Protein chains: 2
Amino acid sequence: MNVRTFCLGILALGDATGYEIRKMVSQGPFSFFSEASFGSIYPALARLTEEGLVECREEAQSKRPDKKIYRLTSAGRAALEAALQNDPGPDRTRSDFLAALLFAECVAPERIPAMVASRIAQHRTQIAALEEIADDPDLSPAARFVIEYGLQSLKAARDYLESHADGLARELAGARPAAE
Amino acid sequence: MNVRTFCLGILALGDATGYEIRKMVSQGPFSFFSEASFGSIYPALARLTEEGLVECREEAQSKRPDKKIYRLTSAGRAALEAALQNDPGPDRTRSDFLAALLFAECVAPERIPAMVASRIAQHRTQIAALEEIADDPDLSPAARFVIEYGLQSLKAARDYLESHADGLARELAGARPAAE
DNA sequence: AATTACATGTAATCCGTTACATGATTGA
DNA sequence: TCAATCATGTAACGGATTACATGTAATT
């Protein structure tokens with residue numbers, strides 16, 4: 001699913017500006033499984049408009065660029081529906097953290113405990129952010145489902161780190177000691 | 001972390017050919033948090049060789065292209081170590097499945113139960129594959145840690161889907177019924 | 001005084017995938 | 001006989017990021 005389809009989908013949930021779409025993918029309920037920058041969103045919306053899949057009404061603002069509020073057209077809705085026909089490919093997680101852990105064992109094992117600790121902190125922050133979003137009583141059933149799904153995986157990851165970090169540190173120290 | 005650094009890291013774990021690196025990222029213990037194709041690996045190795053970060057010995061094979069076995073040089077090891085200094089960015093999961101769920105609610109809610117069911121099956125397969133890798137008694141501590149980490153998150157996700165799929169289906173049916 | 005939020009957009013660039021090109025061997 | 005595994009590589013193309021460009025207003 002590319003940015004194009006993503007915009008279509010977000011607009012299916014409600015009208016929005018490019019700026020708002022960006023906020024949703026980078027902070028909102030979408031943030032933990034997607035990402036997109038202005039540099040891809042604005043051009044996508046422009047093309048979508050040309051193609052008649054979305055339409056745009058402009059709202060004047062003093063001292064700011066006009067707000068362009070996009071809305072899905074019926075052609076856009078059909079295109080989205082079509083895109084949702086083929087079943088989604090597998091989730092792809094890219095984790096520099098896990099890669100770094102694996103590589104660090106060979107090259108800089110002393111850094112591992114700090115890396116793990118810092119990651120635990122990051123996880124907690126991310127979980128707190130998601131939980132805040134989950135508090136919103138107006139979430140649709142699917143949105144709540146998606147957020148809970150993310151929360152469960154995230155918590156499992158955090159718990160794993162919390163309960164196995166020391167074990168790893170010990171094993172690492174044990175293998176190549178200066179120890180006792 | 002780009003393919004370049006990834007190659008460096010994998011070679012830190014042991015000498016390998018481009019073909020083997022590709023196998024590791026697409027099937028081995030790396031598969032669940034990384035991906036890279038031949039089209040990026042081979043050029044990366046070529047450039048790394050030019051730069052003296054890896055070196056390559058060729059092994060003749062009858063009726064096949066010569067095998068090029070790459071090994072990390074000390075410069076390469078230093079470069080990898082440097083790359084591992086800055087702490088890894090956040091994990092980025094891109095899930096077309098979750099996006100599709102969210103969007104489908106608006107546009108094709110009837111597809112949701114099938115999507116969830118198919119995803120449960122995919123999760124089971126992936127978990128089984130990872131468990132097989134985890135069986136290998138020769139895994140290094142960090143490798144085992146990484147795999148277990150993945151396994152825990154994956155299982156949490158699977159469990160969530162298994163136990164909440166019906167609930168979602170019911171809510172969806174309830175909201176816009178033709179029901180009773 | 002500085003940073004963040006609001007608001008849109010373009011251009012240069014990077015990074016990677018897909019498809020192409022070649023070809024033997026082994027197992028189903 | 002057909003697919004998969006082994007083995008390397010290039011070229012076209014796509015997709016997205018980063019940095020650039022511009023500017024106000026509110027908050028810290």
Side-chain angles (χ1 to χ4, degrees), chain A residues 1-8 10-11 15-28 30-31 33-51 54 56-70 83 89-90 92-94 96 99, chain B residues 1-8 10-11 15-28 30-31 33-51 54-70 83 89-90 92-94 96 99 129:
Chain A
M1 194 175 303
N2 49 20
V3 174
R4 201 187 139 76
T5 311
F6 229 93
C7 288
L8 247 25
I10 288 175
L11 292 174
D15 297 356
T17 66
Y19 191 84
E20 288 165 345
I21 290 175
R22 152 77 183 179
K23 244 175 68 180
M24 289 186 218
V25 280
S26 63
Q27 286 156 249
F30 303 91
S31 53
F33 64 84
S34 69
E35 207 165 354
S37 61
F38 288 128
S40 57
I41 291 171
Y42 285 125
L45 288 171
R47 247 196 82 199
L48 253 13
T49 307
E50 279 174 38
E51 296 171 19
V54 307
C56 152
R57 95 192 104 99
E58 261 168 87
E59 213 162 81
Q61 299 191 119
S62 53
K63 311 292 180 173
R64 278 195 200 159
D66 291 356
K67 213 185 253 195
K68 291 186 166 183
I69 301 164
Y70 291 91
R92 286 177 323 235
T93 299
R94 129 157 261 131
D96 287 0
Chain B
M1 192 175 302
N2 50 21
V3 174
R4 201 186 139 76
T5 312
F6 228 93
C7 288
L8 247 26
I10 288 175
L11 293 174
D15 297 356
T17 66
Y19 190 84
E20 286 165 346
I21 290 175
R22 152 77 182 179
K23 244 175 69 181
M24 289 185 219
V25 280
S26 63
Q27 286 156 251
F30 303 92
S31 53
F33 64 84
S34 69
E35 207 165 353
S37 61
F38 289 128
S40 58
I41 291 170
Y42 284 125
L45 288 171
R47 248 197 80 199
L48 253 15
T49 307
E50 278 174 39
E51 296 172 20
V54 306
E55 58 190 19
C56 152
R57 94 192 105 98
E58 261 168 86
E59 212 163 79
Q61 298 192 119
S62 52
K63 311 293 180 171
R64 278 195 201 160
D66 291 357
K67 212 186 254 194
K68 290 186 165 183
I69 301 164
Y70 291 91
R92 287 179 320 239
T93 300
R94 130 155 259 130
D96 287 0

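Side-chain atoms are counted along with the backbone in the values below, which use heavy atoms only and exclude waters and symmetry mates. What you see is a predicted model, and the numbers here were worked out from it, not measured in a lab. Reminder, nothing fancy here: chain letters follow the sequence lines and each chain counts from 1.
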**OP:** In whole angstrom, give the distance that lies between atom CE of Met1(B) and atom P of dG16(C).
**Re:** 12 Å

Original post:
Within this structure, what is the CZ-to-C1' distance between Arg22(B) and dT8(D), rounded to whole angstrom?
Top reply: 13 Å

Original post:
Got a donor-acceptor contact below 3.5 angstrom from the Ser34(A) side chain to the Phe30(A) backbone?
Top reply: yes

Original post:
Within the pair Ser40(A) and dG15(D), is there a side-chain N or O less than 4.0 Å away from OP1 or OP2?
Top reply: no

Original post:
Looking at Asp15(A), Ile21(A), Val54(A), which hits side chain to side chain contact (heavy atoms under 4.5 Å, CB included) with Tyr70(A)?
Top reply: Val54(A)

Original post:
Rounded to the nearest 0.5 Å, how far apart are OG1 of Thr17(A) and CD of Glu58(A)?
Top reply: 12.0 Å

When you compare the protein's N or O atoms with those of nucleotides 4-10 of chain C, which come within less than 3.5 Å of each other, and at what distance?
{"residue": "dC6(C)", "atom": "OP2", "partner": "Tyr19(A)", "partner atom": "OH", "Å": "3.3"}
{"residue": "dC6(C)", "atom": "O3'", "partner": "Arg64(A)", "partner atom": "NH1", "Å": "3.1"}
{"residue": "dA7(C)", "atom": "OP1", "partner": "Gln61(A)", "partner atom": "OE1", "Å": "2.9"}
{"residue": "dT8(C)", "atom": "OP1", "partner": "Lys68(A)", "partner atom": "N", "Å": "3.1"}
{"residue": "dT8(C)", "atom": "OP2", "partner": "Tyr19(A)", "partner atom": "N", "Å": "2.9"}
{"residue": "dT8(C)", "atom": "OP2", "partner": "Tyr42(A)", "partner atom": "OH", "Å": "3.0"}
{"residue": "dT8(C)", "atom": "O5'", "partner": "Tyr42(A)", "partner atom": "OH", "Å": "3.4"}
{"residue": "dG9(C)", "atom": "OP1", "partner": "Lys68(A)", "partner atom": "NZ", "Å": "2.2"}

Original post:
Hey, what do you get for CG (Asp66(A)) to CD (Glu59(A)), rounding to the nearest 0.5 Å?
Top reply: 9.0 Å

Original post:
About how many Å separate CZ of Arg22(B) and CD of Gln27(B), when rounded to the nearest 0.5 Å?
Top reply: 7.5 Å

If you restrict it to nitrogen or oxygen atoms, what contacts under 3.5 Å exist between nucleotides 12-14 of chain C and the protein, and what is each distance?
none

Original post:
In whole Å, what is the span from the CZ atom of Arg94(A) to the P atom of dA16(D)?
Top reply: 15 Å

Original post:
Under 4.0 Å: is that the gap between some side-chain N or O of Ser37(B) and OP1 or OP2 of dG16(C)?
Top reply: no

Subject >> Student check: side-chain heavy atoms of Ile10(B) and Val25(B) closer than 4.5 Å >> reply: yes

**OP:** Answer whether the closest heavy-atom distance between the side chains of Leu11(B) and Leu45(B) falls below 4.5 Å.
**Re:** yes

**OP:** Compare every heavy atom of Cys56(B) with every heavy atom of Lys68(B), then report the nearest pair and how far apart it is.
**Re:** CB-SG, 3.8 Å

**OP:** Heavy atoms only: give me the nearest Ala99(A)-Phe6(B) pair and the separation to one decimal.
**Re:** CB-CE1, 3.8 Å

Original post:
Could you give the angle between the helix axes at the two ends of the helix from dA1(C)-dT28(D) to dA28(C)-dT1(D), with five pairs per end, rounded to 10 degrees?
Top reply: 60°

**OP:** May I have the distance from Ile21(B) (atom CD1) to dT5(D) (atom P), rounded to whole angstrom?
**Re:** 19 Å

Subject >> Spacing of Phe6(A) atom CZ relative to dG15(D) atom P, expressed in whole Å >> reply: 16 Å

**OP:** State, to 0.1 Å, how close Cys7(A) and Leu48(A) come at their nearest heavy-atom pair, and which atoms those are.
**Re:** CB-CD2, 4.0 Å

**OP:** Measure from CZ on Arg92(A) to C1' on dG15(D) and round the result to the nearest Å.
**Re:** 12 Å

Original post:
So, Arg94(A) side chain and Met1(B) main chain: donor-acceptor pair closer than 3.5 Å or not?
Top reply: yes

Subject >> Length of the line joining Ile41(B):CD1 and dT18(C):C1', which is rounded to integer Å >> reply: 14 Å

